[in-house]
Student: 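Just dropping this structure here.
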2 protein chains.
Amino acid sequence: MPRVTEDHLAARRRQILDGARRCFAEYGYEKATVRRLEDTIGLSRGAIFHHFRDKDTLFFELAREDAERMAEVAAREGLIQVMRDLLAAPDQFDWLVTRLEIARKLRNDPAFQQGWAERAAELSAATTERLRRQKQAGRLRDDVPGAVLQTYLDLVLDGLVARMASGEDTESLRAVLDLVEDSVRHRGGVQ
Amino acid sequence: MPRVTEDHLAARRRQILDGARRCFAEYGYEKATVRRLEDTIGLSRGAIFHHFRDKDTLFFELAREDAERMAEVAAREGLIQVMRDLLAAPDQFDWLVTRLEIARKLRNDPAFQQGWAERAAELSAATTERLRRQKQAGRLRDDVPGAVLQTYLDLVLDGLVARMASGEDTESLRAVLDLVEDSVRHRGGVQ
């Protein structure tokens, strides 16, 4: 493909993804209708769905971008740092709430659940790898299986988003993350 | 009021609440339209809203009933036992997901947030009281303020519902609750 077309294609995909993210953030998953996606993106449905097959595909691509960015932080500094970053960027928040809104769909729509699980796998792999290294370095408690620690951290991430939504203040949530960090740490010597 | 009328009133309210709970559980908060509430409850909108002012009032009354039941368990056995009970009753689950679905509304609608907070206060008070007694009895860690422990347990409750929705298996979540229980306990002597 000639370079100019390739650049144009990338810019167009970017425009669609950025607009779609704003639309989901503003209206939520269910109410982000095709009409509203057209308005926020500034393109016709024909143009949008030429690049992304349907609304779910768009949504999954945004989730994949998130997972990729979070996985980079998780691999280097752990999932708790990912959560501290969330607390420090409340403008990201309205988009994050869509994670909770799809709970019913995840439960009742196996194809959607499958698509979502695939996008979450990258972040999950990064967390597993980081936990493995921390355990090797003796920084992680060793009386609880790694898989349980991972489920625990995933649960805390979802709970964090829900509590932010309930209007819990950031300071309390920071203190909770300190407690969470402490609860996965190796307790050797230090109480 | 004569007894028979009072009984009739109570039965009618019960019919409405039970039907509304099924309706919210099946369709989710947003999609539980007035038409669907009529169908599930088996009464006209006139009859329903004679007893409960609007959809939000109905929803809050269901949340209040939950909070009351959970507060009884929380006062006696703690919030972690409330969560173990949730894991043991997955049939309650579809209704519980509405807790997550209202996150955006909680954030954007101050009147709704206020109504929700009032209904959550009873459970919150029961948990606070139980934590206070546990602390007095020396069973709770004393290096972290009680308010932080409470926020932590609230966060875990929301996270638990979200992970159940993502299809996390019950066995892993039980193990996570053991870890959570351990992380709020006093560490004196025992590692």
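Quick note on labels: first sequence line is chain A, next is B, and so on, each numbered from 1.
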Student: Relative to chain A, which of B:Ala165, B:Ala147, B:Ala175, B:Ser172 shows the most heavy atom pairs under 4.5 Å?
Tutor: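 If we count pairs closer than 4.5 Å to chain A, B:Ala165 comes out on top.
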Student: I need the minimum non-hydrogen distance between A:Val148 and B:Leu179, along with the two atoms involved.
Tutor: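 So the minimum-distance heavy-atom pair works out to CG1-CD1, 4.3 Å.
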Student: Work out which heavy atom in A:Ala103 is nearest to a heavy atom in B:Leu100; give both atom names and the distance.
Tutor: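 Closest approach of A:Ala103 to B:Leu100: CB-CD1, 3.8 Å.
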Student: Got more than 12 heavy atoms from elsewhere within 6.0 Å of CZ, A:Arg14?
Tutor: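 Yes, because the 6.0 Å sphere around CZ of A:Arg14 holds more than 12 heavy atoms from other groups.
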Student: With a 4.5 angstrom heavy-atom cut-off, which part of A:Asp94 approaches chain B: side chain, backbone, both or neither?
Tutor: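 Both parts, backbone and side chain.
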Student: Count the heavy-atom pairs under 4.5 Å between each of B:Arg99, B:Arg107, B:Arg141, B:Glu30 and chain A, then report the option with the highest count.
Tutor: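 Top count of heavy-atom pairs under 4.5 Å with chain A: B:Arg107.
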Student: Taking B:Leu155, B:Ile102, B:Leu106 one by one, which has the highest count of heavy-atom pairs under 4.5 Å against chain A?
Tutor: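 Looking at each option in turn, the highest pair count goes to B:Leu155.
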Student: Does any part of the side chain of B:Arg104, heavy atoms only, come nearer than 4.5 Å to the side chain of A:Thr98, both counted from C-beta?
Tutor: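 When only atoms from C-beta onward are counted, B:Arg104 and A:Thr98 do touch, with a gap below 4.5 Å.
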Student: Counting only heavy atoms from other residues, nucleotides and ligands, does the tally under 6.0 Å from CZ of A:Arg53 exceed 12?
Tutor: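 Counting neighbours around CZ of A:Arg53, 12 or fewer heavy atoms of other residues, nucleotides or ligands fall under 6.0 Å, so no.
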Student: Indicate the atoms forming the closest heavy-atom contact of B:Thr151 with A:Leu173, along with that distance.
Tutor: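 Taking B:Thr151 first and A:Leu173 second, the nearest heavy atoms are CG2-CD2, 4.1 Å.
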Student: Any side-chain heavy atom of B:Asp158 sitting closer than 4.5 Å to one from A:Asp158?
Tutor: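 Heavy-atom side-chain distance check fails, nothing below 4.5 Å.
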Student: Is B:Val34 reachable from B:Ile16 through a run of I, L, V, M, F, W or Y residues, each pair having side-chain heavy atoms under 4.5 Å apart?
Tutor: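 Looking at the clustering, B:Val34 is in the same group as B:Ile16.
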Student: Using non-hydrogen atoms and a 4.5 Å limit, figure out which bit of A:Lys105 sits close to chain B: side chain, backbone, both or neither.
Tutor: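 It is neither, since no heavy atom gets under 4.5 Å.
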Student: For B:Tyr27, which atoms come within 4.5 Å of any heavy atom of chain A: side chain, backbone, both, or neither?
Tutor: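 Interface part for B:Tyr27: backbone (N, CA, C, O).
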Student: A:Glu26 versus chain B, heavy atoms under 4.5 Å apart: side chain, backbone, both or neither?
Tutor: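 Contact with chain B: backbone only.
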